[in-house]
Protein chains: 4
Amino acid sequence: MTQTEKRSEILRSALVLISQKGFHGAPMSMIADQAQVAMGTIYRCFESKESLIHELHRELESRFQTAIMQDFPSGEPLRERFLHVSRVFVRYSLASPTDFCFLEQFYNSPFGVSYRRDRILGNNDTGVLQKLLDEARKDGMLKPLPHTVLCALIFGPLFCLVRDHIFNFIELDQKLVDACLEATWDAIRL
Amino acid sequence: MTQTEKRSEILRSALVLISQKGFHGAPMSMIADQAQVAMGTIYRCFESKESLIHELHRELESRFQTAIMQDFPSGEPLRERFLHVSRVFVRYSLASPTDFCFLEQFYNSPFGVSYRRDRILGNNDTGVLQKLLDEARKDGMLKPLPHTVLCALIFGPLFCLVRDHIFNFIELDQKLVDACLEATWDAIRL
Amino acid sequence: MTQTEKRSEILRSALVLISQKGFHGAPMSMIADQAQVAMGTIYRCFESKESLIHELHRELESRFQTAIMQDFPSGEPLRERFLHVSRVFVRYSLASPTDFCFLEQFYNSPFGVSYRRDRILGNNDTGVLQKLLDEARKDGMLKPLPHTVLCALIFGPLFCLVRDHIFNFIELDQKLVDACLEATWDAIRL
Amino acid sequence: MTQTEKRSEILRSALVLISQKGFHGAPMSMIADQAQVAMGTIYRCFESKESLIHELHRELESRFQTAIMQDFPSGEPLRERFLHVSRVFVRYSLASPTDFCFLEQFYNSPFGVSYRRDRILGNNDTGVLQKLLDEARKDGMLKPLPHTVLCALIFGPLFCLVRDHIFNFIELDQKLVDACLEATWDAIRL
DNA sequence: TATGAATGAGTCTTCATTCAT
DNA sequence: AATGAATGAAGACTCATTCAT
């Protein structure tokens with residue numbers, strides 16, 4: 001196994017275990033076992049458990065960004081572009097429930113809070129979504145609410161729904177997903 | 001201090017500490033100190049840390065139920081009754097951020113998942129909200145979506161917004177809250 | 001065993017093990033075993049290994065101070081008072097080789113260096129010895145050298161000799177000790 | 001880099017790091033980095049960390065021997081030859097504080113103790129100093145004390161003084177050094 | 001011969017739980 | 001019933017040494 005493969009294997013093991021058991025339920029020794037490496041090996045790739053977690057988060061966000069940008073309907077009307085982002089979010093989360101669960105853990109932890117703090121307070125308006133919201137608001141298509149609120153109205157429900165699906169509380173099929181996306185659009189549109 | 005007072009004091013201390021520091025940041029010894037009782041005393045009231053947490057959760061849910069039922073506008077139109085529930089949720093959460101933070105911790109943990117599993121899979125349609133949703137759907141006022149989905153559309157955003165407010169990412173004033181409640185109503189109404 | 005006895009037992013075990021094997025050769029688990037307590041118990045008495053070591057040092061210095069002050073020949077000529085301090089140092093060290101070895105470890109470690117730094121740079125002229133040196137220098141009995149140097153001339157050899165005795169490199173009997181004390185006096189007197 | 005150069009470089013790096021951070025603060029990996037060789041290479045030159053340390057000690061002692069023998073005033077009176085040895089010790093130590101600090105570490109460790117045990121108990125009377133002491137005692141110039149004791153009286157203070165100088169507790173200038181050397185001579189001479 | 005990634009035993013420290021008083 | 005000292009398993013992290021390349 002190459003260095004890179006090992007690193008990936010460690011990240012993958014950490015992802016699986018943390019998504020299932022949470023940060024505190026996934027000791028480094030368990031991650032090492034799962035990845036079929038010795039504990040010390042993890043520390044060759046990552047400074048600490050904390051940095052392993054941050055790295056994992058970065059990786060997952062970047063994968064998600066890539067997924068969004070793929071097939072992004074740049075020429076389509078605003079509404080379509082919006083629905084695209086939401087649809088990709090749901091599709092990706094359902095296809096990779098492990099990634100989704102890890103990210104939930106991350107956002108609901110001191111890590112996630114300070115990450116968001118840096119992000120939001122830094123006025124980091126660089127994401128696709130931020131630009132989309134800006135444009136749409138100028139066009140008068142959206143309710144005149146702060147970005148943070150609009151994001152809550154869109155992703156709040158989606159997070160819940162995906163989680164409920166993963167835990168088998170509901171069965172999200174294509175039709176239901178589409179209905180939900182429409183509903184979130186209804187929430188924010190004028 | 002009577003047995004009952006001690007029990008309350010322990011619950012209160014656990015609530016405060018866990019909401020601030022999380023389950024793993026609030027050792028039993030710290031809870032005991034804060035509650036001004038001996039550590040052993042906690043174990044006379046609660047089987048284990050886990051059961052203390054479950055008990056706390058039950059207590060908070062019941063307090064919340066009480067808050068909803070108070071001033072419930074039984075005679076008003078459906079829409080008003082709906083908005084009442086949401087409004088109480090937000091008002092209560094903002095007034096008691098400690099309770100809110102604890103519940104967030106709880107729902108985003110193995111505890112919360114198994115709790116919801118028991119609740120939802122048990123078809124426990126006894127809550128006010130459940131009845132409201134049933135009635136409204138029969139009247140054709142709401143989108144024909146499962147209860148779980150409707151709940152996600154209402155409370156998903158509200159959880160996000162309250163959290164963002166508590167973390168100072170936004171400032172929720174009365175006007176903004178009302179706008180958000182309207183938005184969630186737009187999401188579910190036909 | 002009372003709390004205090006336990007604490008003493010831990011200190012004693014740490015003293016013995018560290019004096020024999022050094023700081024790095026005496027893990028907390030070994031100290032606990034030796035003291036017949038669980039590892040966690042140590043942490044009820046001492047913040048950390050480091051603080052245990054500092055505490056031990058403080059204790060030993062205080063014991064030594066007590067030994068010096070006992071039978072201190074306040075009325076005798078300067079020379080006698082000097083020889084008393086040195087004699088007590090040697091006698092105490094030979095009687096308690098474990099204490100001596102611990103202190104050697106301590107002084108030859110980052111702990112000891114910063115301890116001395118605080119002490120010397122703080123102009124902490126409060127010890128018996130400091131006063132003695134001051135008085136003697138004013139009387140013109142001693143070579144006009146800084147205190148630090150005078151201490152080196154007195155205790156440098158004594159430390160070596162006691163260590164050599166403990167390691168069985170020499171056999172210090174009463175006559176030899178007296179000869180050595182005379183020699184250190186010759187080194188500093190005018 | 002030839003094998004021999006590598007070996008030297010490793011020794012030099014170990015010397016610098018250990019003198020600064022102690023045996024336990026200087027991991028093999030750090031020594032390797034500093035020496036610009038791979039960690040495995042160290043193990044081709046030295047059996048273990050322990051043997052590397054022993055080797056280093058041997059090297060430093062030999063360098064010191066060389067320094068003493070250089071300019072040794074063979075024809076001068078005994079007193080001069082004595083002072084020469086002490087003077088060279090101090091001068092060398094002040095010029096090479098790194099060497100000095102390493103040797104201190106070494107002597108104050110299990111290594112040093114067993115080294116001295118071998119040396120002293122082996123009656124290894126081969127050094128210049130040993131011969132000097134022998135000769136001087138026969139001439140009746142020195143107090144009739146064992147070699148070990150005489151060495152303690154000479155080098156005990158000098159070690160202390162150099163250390164205090166290196167740690168900036170005193171400032172050793174030429175005059176002060178000379179006064180100290182005189183003092184140690186006073187301690188041993190008849 | 002040289003490399004440096006991999007190993008895993010060993011370190012300090014924490015904390016849920018128990019039990020003698 | 002109440003106490004809180006004692007326990008020891010478990011966790012994150014380090015580093016001397018080995019061995020496949």
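Note on naming: letters A, B, ... go to the chains in the order of the sequence lines (proteins, then strands), and numbering restarts at 1 for each one. Since the structure is predicted, the reported quantities are computational estimates derived from the model, not experimental observations.
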State the dot-bracket string of DNA chain F. Criteria: Watson-Crick or G-U wobble, both atom distances under 3.5 angstrom; notation: ( ) intrastrand, [ ] crossing earlier pairs, | interstrand, . unpaired.
.||||||||||||||||||||
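- Residue pairs meeting the side-chain hydrogen bond (donor to acceptor under 3.5 Å, both in side chains) criterion with at least one partner in residues 10-22 of chain B, sequence neighbours excluded, are B:E9-B:R12.
- Considering only the side chain of B:Q3, F:dA1 comes nearest among F:dT3, F:dG8, F:dA1.
- Using a 4.5 Å cut-off on side-chain heavy atoms (C-beta onward), C:F111 and C:Q105 make no contact.
- C:I53 and C:F102 make their closest contact through O-CZ, 3.8 Å (heavy atoms, listed as atom of the first residue, atom of the second, distance).
- Computed from coordinates, the D:K6 NZ to E:dT1 C1' distance equals 8 Å when rounded to whole Å.
- Protein atom CE of A:M30 is 18 Å distant from nucleotide atom P of E:dG8, rounded to whole Å.
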Would C:H57 and C:Y115 count as a ring-ring contact (aromatic ring centres under 6.0 Å, His included) here? Give the steps.
CA-CA 10 Å; C:H57 166 250; C:Y115 170 75; 4.4 Å; yes
Nucleotides 13-21 of chain E: protein proximity per nucleotide (B base, S sugar-phosphate only, - neither; heavy atom, under 4.0 Å)
BBSSBB---
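- In this structure, CZ of A:F46 is placed 16 Å from C1' of F:dA12, rounded to the nearest angstrom.
- By the 6.0 Å contact criterion, CD on C:E61 is enclosed, its count of non-hydrogen atoms from other residues, nucleotides or ligands being greater than 12.
- Using a 4.5 Å heavy-atom threshold, the side chains of B:N108 and A:Y107 count as separate.
- No more than 12 heavy atoms of other residues, nucleotides or ligands shown are found within 6.0 angstrom of CD on B:E47.
- Summarising the geometry, the separation between CE on B:M1 and C1' on F:dT3 is reported as 13 Å, rounded to the nearest angstrom.
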